[in-house]
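All remarks here apply to the structure that follows.
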Amino acid sequence: MKKINKKQFSSVYLLYGTESYLIQDIKQKILKYALSGEDQEVNVSYYDLEETPIEDVVTDAETYPFFGERKIIIADNPVFMKAKPEKLPFEHNVEALQSYLTNPADYSILVITAPYEKLDERKKIFKLFKKQGETVPCMPVKEWNLEEWITSIAGELNIQVPTELHELIIQEVGTNLMVLRSEMEKLALNAGEGGAVTREMAESLLSHSAEASGLKLVDAVMERNLSKAIHIYKDLTRMNEDPIALTALLASQFRIIMQAKILKQKGYAQNQMKQYIKAHPYVIKMAMKREQYFTFHELEQIMDKLTETDQHIKQGKVEKSLAFELLLYQLVHIKRLESQTG
């Protein structure tokens with residue numbers, strides 16, 4: 001990205017991975033810095049390699065631009081770079097691309113985008129891309145990189161986002177960069193150019209993911225704050241969240257907290273827990289923070305109450321909304337009940 005911003009372009013790019021925001025961002029930067037606005041209308045070609053043979057794309061790349069000094073060719077879905085390519089109605093002449101990569105045209109920028117989890121890096125074509133051009137892995141962002149992305153996007157949008165709000169934004173938005181960008185743009189519109197985002201602004205404007213709401217409910221239980229828990233629940237009902245789904249969401253969060261507590265007691269570090277807990281690293285990190293507020297006995301009681309509520313709702317023994325509010329009351333008061341009966 002630094003090279004592109006300095007207008008230092010490669011003749012060929014291979015962008016691969018499942019993080020669509022990164023792929024789109026790099027493509028847009030290449031278009032912005034490599035061509036003027038007028039040239040973008042006539043000197044950019046788009047191809048879908050599930051519909052067009054690669055040799056047609058190569059021919060276009062080798063053809064001198066009619067207007068201007070440079071052209072950009074963007075080709076998506078190179079199935080021939082997968083370990084097990086899908087069958088198409090035609091065959092790609094991959095040798096034509098291999099030949100082009102050894103001597104690419106200096107007036108063309110060829111951008112191949114492969115939105116796949118894996119490519120076969122043993123293939124000759126991949127090795128040629130690596131040798132002759134830029135191969136850019138565009139993988140989902142790690143939880144520990146998100147704060148850098150918040151700072152970077154805030155800089156692009158010319159707004160200030162205080163460090164203490166980063167965790168709130170990550171908790172609400174998650175790790176999808178496309179969603180993060182969209183939510184940050186929403187904050188920027190409200191803050192104004194050069195403005196600062198406040199906690200009140202972030203809490204009112206950010207879209208609430210189900211996972212984030214689950215964590216908020218856990219926090220309310222952790223704080224033994226029934227009114228906060230009921231308030232979050234009422235917000236969720238306005239978003240048409242079903243009590244059965246919310247019960248399952250709470251059960252999932254508390255199960256992860258219990259797993260984190262057990263593994264921590266066995267001496268596992270956070271990065272080692274990923275092998276045993278099937279959750280995003282950020283969720284595990286949050287579980288590590290929360291587990292210290294509960295004893296094993298409390299967590300067992302909480303899981304029992306969640307299971308019991310789920311069964312009662314599904315068996316029609318109690319109305320769904322009432323059952324969930326009663327569940328929140330029971331979870332918030334578990335510790336107090338223990339101390340009274342202890």
Side-chain angles (χ1 to χ4, degrees), residues 1-10 13-33 76 111 113-119 134-216 256 270-271 273-274 277 279-289:
M1 291 295 276
K2 287 177 182 175
K3 287 180 186 175
I4 292 168
N5 289 340
K6 293 177 182 176
K7 298 190 176 183
Q8 299 169 357
F9 303 105
S10 172
Y13 291 88
L14 173 62
L15 315 178
Y16 66 97
T18 55
E19 182 48 79
S20 55
Y21 175 84
L22 283 176
I23 291 175
Q24 293 300 324
D25 197 33
I26 294 169
K27 281 200 296 189
Q28 292 306 314
K29 289 282 197 306
I30 291 172
L31 289 169
K32 178 181 177 181
Y33 291 111
D76 302 325
V111 183
T113 69
Y116 312 131
E117 199 168 330
K118 278 186 180 179
L119 295 182
E134 295 277 2
T135 54
V136 188
C138 300
M139 301 303 176
V141 175
K142 303 296 183 188
E143 162 262 321
W144 49 86
N145 295 134
L146 280 169
E147 293 205 46
E148 291 177 31
W149 275 100
I150 291 172
T151 302
S152 172
I153 294 171
E156 284 185 39
L157 298 173
N158 194 19
I159 56 172
Q160 297 168 39
V161 181
T163 308
E164 60 267 22
L165 294 185
H166 287 190
E167 188 169 298
L168 170 66
I169 294 170
I170 294 167
Q171 180 172 302
E172 291 291 355
V173 178
T175 58
N176 185 310
L177 285 180
M178 198 77 83
V179 176
L180 178 62
R181 173 82 190 201
S182 173
E183 293 298 309
M184 294 279 287
E185 286 174 353
K186 200 192 296 181
L187 294 174
L189 279 172
N190 201 268
E193 191 165 342
V197 175
T198 64
R199 179 169 290 275
E200 292 74 23
M201 197 187 296
E203 287 178 344
S204 63
L205 290 176
L206 291 172
S207 298
H208 306 297
S209 68
E211 193 170 79
S213 299
L215 288 170
K216 283 183 177 179
I256 292 168
Q270 184 184 321
N271 61 342
M273 291 183 185
K274 290 185 289 183
I277 302 176
H280 191 276
Y282 180 75
V283 177
I284 298 172
K285 178 184 175 183
M286 291 295 102
M288 290 283 286
K289 285 186 176 182

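Inter-residue side-chain proximity for P115 and D76 is flagged as unmet; no heavy-atom pair is nearer than 4.5 Å. For the pair E134/K3, a side-chain contact is recorded, criterion being any heavy-atom separation below 4.5 Å from C-beta on. Residues E147 and T163 meet the side-chain proximity criterion, which asks for heavy atoms closer than 4.5 Å. Within the 4.5 Å cutoff, side-chain heavy atoms of I284 are placed close to those of Q270. Annotation: side chain of L180 is in contact with side chain of I169 (closest heavy-atom distance under 4.5 Å). Looking at heavy atoms from C-beta onward, T113 lies out of side-chain contact with Y16 at the 4.5 angstrom threshold. A heavy-atom distance below 4.5 Å is found between the side chains of Y13 and I4.
Remark: the backbone N or O of M201 is paired with a side-chain donor or acceptor of T198 at under 3.5 angstrom.
A 6.0 Å sphere centred on CD of E193 holds no more than 12 heavy atoms belonging to other residues, nucleotides or ligands.
Taking CG of L177 as the reference point, atom CG of L22 lies at 5.5 Å (rounded to 0.5 Å). Atoms CE and CD1, on M178 and I23 in that order, are 9.0 Å from each other to the nearest 0.5 Å. In this structure, CD in Q28 is found 10.5 Å from OH in Y21, a value given to the nearest 0.5 Å. Rounding to the nearest 0.5 Å places NZ of K7 at 10.0 Å from NZ of K32. Atom OG of S20 is separated from atom CG of L15 by 12.5 Å, given to the nearest 0.5 angstrom. One distance of note links CD of E19 with CG of D25; it measures 10.0 Å at 0.5 Å rounding.
Across all non-hydrogen atoms, the minimal contact from C138 to I26 is SG-CD1, 4.1 Å. For the residue pair A196 and A191, the shortest heavy atom distance occurs at O-CB, 3.9 Å. Across M273 and M288, no two heavy atoms sit closer than the pair CE-SD, 3.2 Å. Summarising the geometry of H166 relative to P162, their closest heavy-atom pair is CD2-O, 3.5 Å, with the distance given to 0.1 Å.
Screening L189, I153, V197 against I159 for a side-chain contact (heavy atoms from CB on, under 4.5 Å) leaves a single residue, V197. A side-chain contact (heavy atoms from CB on, under 4.5 Å) with L14 is found for one member of V111, V136, L119 and no other, namely L119.
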**Request:** Mind running side chain to side chain contact (heavy atoms under 4.5 Å, CB included) on E117 and M139 for me, showing each step along the way?
**Result:** CA-CA 8 Å; E117 199 168 330; M139 301 303 176; 6.0 Å; no
**Asked** For V161 and M184, what are the C-alpha separation, side-chain angles and deciding distance, and is it a side chain to side chain contact (heavy atoms under 4.5 Å, CB included)?
**Response** CA-CA 9 Å; V161 181; M184 294 279 287; 4.2 Å; yes
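By the 4.0 Å N-to-carboxylate-O rule, R181 lies close enough to E156 to be salt-bridged with it.
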